[in-house]
Amino acid sequence: MSASKFQQQSMLTLRGSLLSLAILTFVSLTYLSLNSLHSSISFSAQSSPTASSASGKQIIQLVQRETVASAGQEESGNAEVGRSDGDDEITDLYHYPEVFKLNYAAMEENFKVYIYPDGDPKTFYQTPRKLTGKYASEGYFFQNIRESKFRTEDPDQAHLFFIPISCHKMRGKGTSYENMTIIVQNYLDGLIAKYPYWNRTLGADHFFVTCHDVGVRATEGVPFLVKNAIRAVCSPSYDVGFIPHKDIALPQVLQPFALPAGGNDAENRTTLGFWAGHRNSRIRVILARVWENDTELDISNNRISRATGHLVYQKRFYKTKFCICPGGSQVNSARITDSIHYGCVPVILSNYYDLPFNDIIDWSKFAIVLKEKDVYQLKQILKDIPDEKFLELNKNVAKVQKHFQWNSPPIKYDAFHMVMYDLWLRRHVIRY
């Protein structure tokens, strides 16, 4: 072959390679750009729960599929990654049931988290404030991560790094928001100065957990922490900077539950809809004003007084088909997990709520997700749901209860493991 022909072919090959690289780069940048948008996604009672950013959910689901393909190569290569347990029920409640099962097995086999040891547990670090009340999710995570096999003492083995600072403990000691921010900033500065791990990725492989909204407010004063690290929060609202493909929605669970779990009991549910609570948000004010005197919807303008009887509030969940879950001072509400526990189909009324585990489970299979503007047609929307659809929703609520329950020590598929699975998916999403 002549030298000139060889050079021409080489140039064509080089041009083809550069063109392929340019196309790949363009597609990748487009993906990342789309997922950086903070957009408000519309809801509907008949559609999938679009309370989550569609593009954010797509990239996480793409990661789920790719992780299955690469788990054996990038991690330990253990042949047990694809092993299935006969007792596990993985149904079409999941977006990709078989992918979830394989990925979950890979997580259990390989995932490692390093917990920074710095900070006095008697002040604001390392240990939970308590495991009860509306913010029990934060406490359980702090405890569960230490009880689990995911913890490693070797930072070189870690996929992710946990920043163990608790704003909930600060609140318990009466710390102001301003001082909370200073404490968080100083603690993080100390970790960055002492260890090399943050600077390797600018914090993209670090995460922190906060359930109380004070934690969200306090950490917002540390912009590079919020921008770079993974936030696991109970108030995942798009209108305050929550990033769906990076951050994680914690389920807010009021534990311990006062009564046993319900579900698979549709014949006992004679009340169409139920809500009782304080009017501490615009949507709650409208809900009470429009439906308080309705004969088919059981809507109370205040919490049910204990003087009316023992556990009257909780017992209402057992008798109701659809439990209304409007946001309060934040988009989240422990009422959602109360509804799930007691077997009542939750009705989410929110414009900006990224529902917990929304990239894993299909909320439309066990809940009704509405926009806030739908509150005016609420009764008709619920009455239009066919009986067979309600029966399906009622059965499926019982199937997902295990995902919204915290345990100590943690058990397979519970809330802790689902949060860890969400973290596992995000270990490769963003690297600087």
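Remark: Lys395 NZ is loosely packed, at most 12 non-hydrogen atoms of other residues, nucleotides or ligands lying under 6.0 Å away. In Asp387, the CG atom is not crowded: 12 or fewer heavy atoms of neighbouring residues, nucleotides or ligands sit closer than 6.0 Å.
Between Phe162 and Phe141, the ring center distance clears the sub-6.0 Å criterion. Between Phe111 and His159, the ring centre distance stays below 6.0 Å. In this structure, Phe100 has its ring center no closer than 6.0 Å to that of Tyr96. Proximity of the aromatic rings of Phe366 and His403 is defined here by a centroid distance below 6.0 angstrom, and this criterion is not met. Here Tyr116 and His206 bring their ring centres to under 6.0 angstrom of each other. The distance between the ring centers of Tyr187 and Trp198 does not fall below 6.0 angstrom. With ring centers used as reference points, Phe357 lies 6.0 Å or more from His95.
A donor-acceptor pair under 3.5 Å is absent between the side-chain atoms of Arg335 and the main chain of Pro326, judged by distance alone. Not a single donor-acceptor pair under 3.5 Å links the side chain of Gln143 to the backbone N or O of Ser408. Judged by distance alone, the side chain of Ser281 and the main-chain N or O of Gly327 form a donor-acceptor pair under 3.5 Å. No donor-acceptor pair closer than 3.5 Å links the side chain of Trp275 to the backbone N or O of Leu297. Arg269 contributes a side-chain N or O that, together with a main-chain N or O of Gly343, makes up a donor-acceptor pair within less than 3.5 Å. Side-chain atoms of Asn228 come within 3.5 Å of backbone atoms of Leu202 as a donor-acceptor pair (strictly under, hydrogens ignored). A donor-acceptor pair is defined here as one N or O able to donate and one able to accept, closer than 3.5 Å; such a pair exists between the side chain of Asn394 and the backbone of Asp265.
Counting only N and O atoms by type, the side chains of Asp414 and His417 include a donor and acceptor under 3.5 Å apart.
Nearest heavy-atom pair, Asp422 versus Ile360, reported as atom, atom and distance to 0.1 Å: OD1-CD1, 3.7 Å.
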